[in-house]
A.B. asks: 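Sharing a structure with you now.
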Amino acid sequence: MLQQTVVATVRPYYDKFLAAYPTVTHLAAASVEEVCALWAGLGYYARARNLHKCAQAVVAMGGFPDCIEGLRGLPGIGPYTANAIGAIAFSLPVLPVDGNVERVTARLFAITDPFPGAKKSITKAAERLIEDKDARAAPGDFAQALFDLGATVCTPKSPNCLICPWAAHCQGQADGLADTLPVKVKKAERPRREGVAYVLLDKANNVVLLRRPPHGLLGGMLVLPEVPPIMARWRQAGTVEHVFTHFALTLTVRVARVSALPEGVLSAPVGSAPVPSVMRKALDAACLALNHAGDDKRSA
DNA sequence: AACACGGGGAT
DNA sequence: ATCCCAGTGTT
């Protein structure tokens, strides 16, 4: 869950998740649809599908791998997470290199090559840190201390070098470069796309949803139809804006209410439907539009 | 090596 | 507005 996501965002999802799946066996026995529902709103939904597959693989092999190579072979476990589990769970002498460790390392050794090209050399430099005797004595603590140093002291902007325990050893600080590292190449401008979402409600406020294919954007998640699911008097409900990683979306929302939904369609209560954030915005816009329509009728 | 893949909080 | 976060998988 913490891959590319801050702790404060993850916490409520983590709590829900562990309440639903106290052990890896529970998670493996769950349906992927239920796992996706618990993940709705957290983003990067491949993580949910991979974690579920990972749990099934772990159960199938009778337990967790306890070496880096074994962990690395599991779905959703890349070089970072394999090392994080290795260091924290198994006290292996490895260093998980996350964004914090990259930044601290780039500054500590004054590495001025720009990302992402310098990622390799920064990772190699970071790995040297775990060769220290005290670090190897507690690899999990060392890694987590480094995360926290990056998150609270060696921050992306205006790092607090005055209170940094490593300031005396920091080449970036000595060179007066600390706040300029790591150097990053400017990312391409985010394109803008447009789309339409149809919100079909019944009298009990159930909304028609579709399940996305298991790969690609919002893979495996419940979403609103992009084409009208039935002929109806569709009302405009305005537009919502949403920014994805690599494009910005303007979504036009249309809404209709019918006495009963078509037979066999997926649906959920509009207020609690487990959908990605962009779809939650669309549902809220649709409900707002309907409420205003009701106001107009009452006043007329 | 480059790209696809969410969402939200900090600045 | 921009940056960036306890990154991974695919092309």
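Treat the numbers as computed from the prediction; the structure is a model and nothing was measured. So you know, we letter chains A, B, ... as the sequences are listed, proteins then strands, and number each from 1.
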A.B. asks: Between C:dG7, C:dC4, C:dG9, which nucleotide gets closest to the side-chain atoms of A:D98?
C.D. replies: C:dG7

A.B. asks: Going by atom types alone, do A:E194 and A:T250 pair a side-chain donor with an acceptor below 3.5 Å?
C.D. replies: no

A.B. asks: A:E102: which residues meet the side-chain hydrogen bond (donor to acceptor under 3.5 Å, both in side chains) condition with it, sequence neighbours left out?
C.D. replies: A:K119

A.B. asks: Expressed in angstrom and rounded to an integer, what is the separation of A:N83 atom CG from C:dG7 atom P?
C.D. replies: 13 Å

A.B. asks: When you compare C:dC4 with B:dC5, how far apart are their P atoms, in angstrom units rounded to a whole number?
C.D. replies: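 Nearest-Å result for C:dC4 against B:dC5 at atom P: 22 Å.
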
A.B. asks: What integer distance in Å separates A:E102:CD from C:dC5:P?
C.D. replies: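 It works out to 8 Å between those atoms.
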
A.B. asks: Base, sugar-phosphate alone, or nothing: which one does A:R49 contact when heavy atoms must sit under 4.0 Å apart?
C.D. replies: nothing

A.B. asks: Regarding A:D175 and A:Q171, is there a side-chain donor-to-acceptor distance under 3.5 Å anywhere?
C.D. replies: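 Note: A:D175 and A:Q171 side chains meet the donor-acceptor criterion.
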
A.B. asks: Rounding to a whole Å, what distance do you find between A:Y80:OH and C:dG9:C1'?
C.D. replies: 18 Å

A.B. asks: Please give, in whole Å, the distance from C:dC4 P to A:L181 CG?
C.D. replies: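 About 12 Å, once rounded to whole Å.
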
A.B. asks: Give the rounded distance in Å between these two atoms: CD1 of A:I85 and P of C:dG7.
C.D. replies: 13 Å

A.B. asks: In whole angstroms, how far is the P atom of C:dG7 from the CZ atom of A:R72?
C.D. replies: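 For the pair A:R72 CZ and C:dG7 P, the rounded distance is 15 Å.
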
A.B. asks: May I ask you to say what A:P96 touches in the nucleic acid, namely base, sugar-phosphate or nothing, with a heavy-atom cut-off under 4.0 Å?
C.D. replies: nothing

A.B. asks: Can you name the residues that form a side chain to side chain contact (heavy atoms under 4.5 Å, CB included) with A:V227, not counting sequence neighbours?
C.D. replies: none

A.B. asks: In whole angstrom, give the distance that lies between atom CZ of A:R11 and atom C1' of C:dC5.
C.D. replies: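 So the CZ-C1' distance, A:R11 to C:dC5, works out to 16 Å.
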
A.B. asks: Looking only at atom P, what distance separates C:dT11 and B:dG6, rounded to whole Å?
C.D. replies: 15 Å

A.B. asks: Tell me if a side-chain donor or acceptor on A:R103 pairs with a main-chain N or O of A:D98 at a distance below 3.5 Å.
C.D. replies: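 A pair under 3.5 Å: no.
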
A.B. asks: Using 30° and 60° as the class limits, which term best fits the ring planes of A:W166 and A:F142: parallel, tilted or perpendicular?
C.D. replies: tilted

A.B. asks: In whole Å, what is the span from the NZ atom of A:K187 to the P atom of C:dT2?
C.D. replies: 11 Å

A.B. asks: Mapping A:L2 and A:I77 to their closest nucleotides on DNA chain C, which lands nearer the 5' end?
C.D. replies: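 Nearest-nucleotide comparison on DNA chain C picks A:L2.
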
A.B. asks: Could you write nucleotides 4-11 of chain B as a row of B, S and -, 5' to 3', where a protein heavy atom under 4.0 Å of any base atom gives B, of only sugar-phosphate atoms gives S, and otherwise -?
C.D. replies: SBBBS---

A.B. asks: What pairs with A:Y21 under side-chain hydrogen bond (donor to acceptor under 3.5 Å, both in side chains), at least two apart in sequence or on another chain?
C.D. replies: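 Once residues adjacent in sequence are excluded, the partners of A:Y21 under the side-chain hydrogen bond (donor to acceptor under 3.5 Å, both in side chains) criterion are A:E34.
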
A.B. asks: Could you list by number each residue of residues 16-24 of chain A showing a heavy-atom separation from DNA chain B of less than 4.0 Å, or answer none if no residue does?
C.D. replies: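 DNA chain B contact set from residues 16-24 of chain A: none.
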
A.B. asks: Is there a side-chain contact between A:V104 and A:L146 in this structure, where contact means two heavy atoms from C-beta onward sitting under 4.5 Å apart?
C.D. replies: yes

A.B. asks: Among all residues two or more places apart in sequence or in another chain, which pass the side chain to side chain contact (heavy atoms under 4.5 Å, CB included) test with A:N205?
C.D. replies: A:L201, A:R257, A:V270

A.B. asks: Could you say whether A:N50 or A:N100 is positioned toward the 5' end of DNA chain C, judged by the nucleotide with the nearest heavy atom to each?
C.D. replies: A:N100

A.B. asks: Tell me whether the count of non-hydrogen atoms from other residues, nucleotides or ligands lying under 6.0 Å of CZ in A:F247 goes above 12.
C.D. replies: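 More than 12 within 6.0 Å, yes.
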
